[in-house]
Each structure stands twice: as C-alpha cells, then as structure tokens.
2 protein chains.
Amino acid sequence: MSRLPFNEPTIQRARRIAETIPPAECDPRVEALVNDLIGRVADKWTMIALEVLAEHGELRFTQFARQMRGISQKMLTQTLRQMERDGMVTRTVHPVVPPRVEYRLTELGASLGAAFCGVWIWAEENLAKVEASREAFDAKTE
Amino acid sequence: MSRLPFNEPTIQRARRIAETIPPAECDPRVEALVNDLIGRVADKWTMIALEVLAEHGELRFTQFARQMRGISQKMLTQTLRQMERDGMVTRTVHPVVPPRVEYRLTELGASLGAAFCGVWIWAEENLAKVEASREAFDAKTE
DNA sequence: GGTGACGCTCTCCTTTAGGTGAGTATGGAT
DNA sequence: ATCCATACTCACCTAAAGGAGAGCGTCACC
C-alpha cells in the first residue's frame, strides 16, 4: 500500500502523476536511514553541544548548562543522553557526593563536529546576506 | 534581570553558582544570531531540499514533492518559502494554466549546500557506527 | 458541461517539543 | 539537626510542529 507523498487535489482525481523524473534515486533503505540520521544529528542543540564540548574538551553538567544559553535542564539531559546513545560523547560518573559527571567527545563526535565546522563558518560568513535577503523579501510582500 | 539557564534545585538555595568557567565566550549578540541561523538552517527538510535541488538543478513543485519522501505539501510549501526568504532559492512563476513554478538554487543556497556536504558524507560513512552504538547502549540499559 | 492539471491555501486536529517547578539521594560541613 | 551541592527525574502544562483533507482558479480537453 504505497502512500503518495501527500493527498491528491481532490480525492478521486489524479490517480497517477506523470513520471517526468524517477520517484527517487537509488537505495531507498539507506537513503531513509541517512535522512533519519541527518534529522537526528542536524538538531540545533546537538550542534551547539558539539561545538562547546569541542571547545572545552571536558565539561560537567552545570558547566555545560552555562555554556548553552537558553537551554533547559531537561533539554540538556535529553540531548546529552541522545548523544551518548549515538556514540558522540562519553559520560563518566564519579561515585562521589555531591555527584560529579563528566562529558567528553568521542572520536565519532569529534568527527561530526569537524563535519559541521563548514556550516558554522558558512553561518558566520553569510549572516549578513541572509538578513539582507529577509528584509528584501519582507519589504516586497510587506 | 538575568535569567539563569534553568531553575535552581529548590527555590531559596543556590543563589549563585561558583564560576569555574566564564559564563560565555565573546560577543553575545553575534553568537545568538549565529545560533539562531544555525537553528533555522540546520533543519531536516531544508537540508534535504538543498540536496535534491543541487542534484536536479531545477524543480517544479510536484517534482520536488516526489523527491522528498514523507514530506507533506504544507511542509514543502513552508520550507520552500522560508528558503526563498533566506535567499537560498529563487521561485519563478510562469503565468500559464495550469500554473508552472520553478525553483532553483541561488549562489548562497549552493554555498550552504556545499557546507552541508561534509555532514552528508559523515552521515553516510558513520551510519553503521551510530547504529552499533545505539544497540550497545540499548542493550546496557535494556 | 464535467473533469483534470498544478500549486497552492485554509481549516481542523493530533502529536511532539519543550518549559516550569518541584523532589531525590548522599555525605560532609556548620 | 540542618543545610548545601550536584545531577538529575518526574509530573504537569502550554505552544508549536506538522499531518489530513478539502477547496480554489483557470483553461484545455473530451
């Protein structure tokens, strides 16, 4: 039961659309997995966490929180757990009181950070262009 | 009135946390803008749209939809509008019936696509590692 | 004159994201 | 005895994301 990408104009028409371009490129399984992984990894907080951890080497929970402005405790825990599960960070619990937990990047995490590096640079370089474009767009449609 | 990143343990204690690491790096305004732009641009659909458009050069609305599996019509319109506003794509409307609208990358869009390229490669290369890590993690916590 | 094509937009409605404020465990310091 | 620190977790709640399905406008066609 193959689902069409979205509902047809009105339900009984357009049973089929002319296939001007093949429906998708190659291996749909791998493609889906990669898209999925991208969705997970191209997350704002994940990217920022990667950044600050790469910068500081090792961070404790509250230090982390202070570096990531605007994140809630819950989100931070969640992001960090997810990253741990994905093998981006290691989480070391020192069994002392008060608790001491240290996070550091794995090799995998560092490599993703490096891959994102280009995007950060792009963002810094093109911030002005994007803002200008937005203003122009908004002025046109006003 | 500076807000703390999240609530203190119980409200009347911990008025202040020792500042072992300076609260943030440098220019907070630029940093915030860049983080914001990252949040906008590091969006799953934006990344995928960038990819397929880079691959096909020029796409009409329904062609686009067919390339982006699982996206709803609403999301596609929204993503495309946003990208147009940000100056990533141009939208050309041919005043014919039935309507014909073509999307293509701008230089800015292409440069972002190039910046993301590293992330795609990373995702393809490290898919297996991430999956292995997830399995190990889930097995441990079960 | 009914239907279909295209690229939307509009109205619901459900799901998810994410914030808030509190609680918990533990041992050392006061 | 009480307090405090840390790194959480939990319950609750609101806002935002995003899906489903329909409708629209216009012309060419059968």
Response to the item:
Whole-Å distance, A/F61 CZ to D/dA5 C1', equals 14 Å
Discussion item. Quick check: closest heavy atoms across B/G118 and A/A115, and the distance to 0.1 Å?
Written reply: O-CB, 3.7 Å
Worksheet entry | Value in whole Å for how far the P atom of C/dT20 lies from CD of A/Q73 | 11 Å
Worksheet item: Roughly how far apart are A/M75 CE and A/L80 CG, rounded to 0.5 Å?
Response: 10.5 Å
Worksheet entry | salt bridge (Lys or Arg N to Asp or Glu O under 4.0 Å) partners of A/E102, counting only residues at least two apart | A/R100
Worksheet entry | Non-hydrogen atoms of A/M47 and A/V41 that approach each other most closely | CG-O, 4.2 Å
Worksheet item: Does B/R66 place a side-chain N or O at less than 4.0 Å from the phosphate oxygens OP1/OP2 of C/dC6?
Response: no
Discussion item. Against B/L112, only a single residue in B/M83, B/M88, B/E107 fulfils side chain to side chain contact (heavy atoms under 4.5 Å, CB included); can you say which?
Written reply: B/M88
Worksheet, complete the sentence: Atom CG of A/L76 and atom P of C/dG19 are separated, to the nearest Å, by 11 Å
Practice prompt. Quickly work out the B/L59 CG to C/dC6 P distance and round it to whole Å.
Written response: 14 Å
Worksheet item: How long is the line joining NZ of B/K44 and C1' of C/dA17, in whole Å?
Response: 15 Å
Discussion item. Near DNA chain C, counting only heavy atoms under 4.0 Å, which residues of residues 87-104 of chain B show up?
Written reply: B/R91, B/P98, B/P99, B/R100, B/V101, B/Y103
Discussion item. So which atom in A/T106 and which in A/V89 form the shortest heavy-atom distance, rounded to 0.1 Å?
Written reply: CG2-C, 3.8 Å
Fill in: Closest heavy-atom pair and its distance - B/G57, B/R104
O-CB, 3.4 Å
Worksheet item: Once the angle between the rings of A/Y103 and A/F64 is folded into 0 to 90°, is it parallel (under 30°), tilted (30 to 60°) or perpendicular (over 60°)?
Response: perpendicular
Could you list, one pair per line, each protein nitrogen or oxygen that sits under 3.5 Å from a nitrogen or oxygen of nucleotides 13-18 of chain D, together with the distance?
{"unit_1": "D/dG18", "atom_1": "N7", "unit_2": "B/K74", "atom_2": "NZ", "d": "3.0"}

Fill in: A/R60 side chain, from C-beta outward: closest of C/dC6, D/dT6, D/dT9
D/dT6
Discussion item. List the residues meeting salt bridge (Lys or Arg N to Asp or Glu O under 4.0 Å) with B/R91, not counting sequence neighbours, and say none if there are none.
Written reply: none
Item to complete: Report the end-to-end axis angle of the helix from C/dG1-D/dC30 to C/dT30-D/dA1; each axis comes from five terminal pairs, and the value is rounded to 10°.
Response: 30°
Worksheet item: Considering residues, nucleotides and ligands other than B/K44, do more than 12 of their heavy atoms fall under 6.0 Å from its NZ?
Response: yes
Fill in: salt bridge (Lys or Arg N to Asp or Glu O under 4.0 Å) partners for B/R85, two or more places apart
A/D138
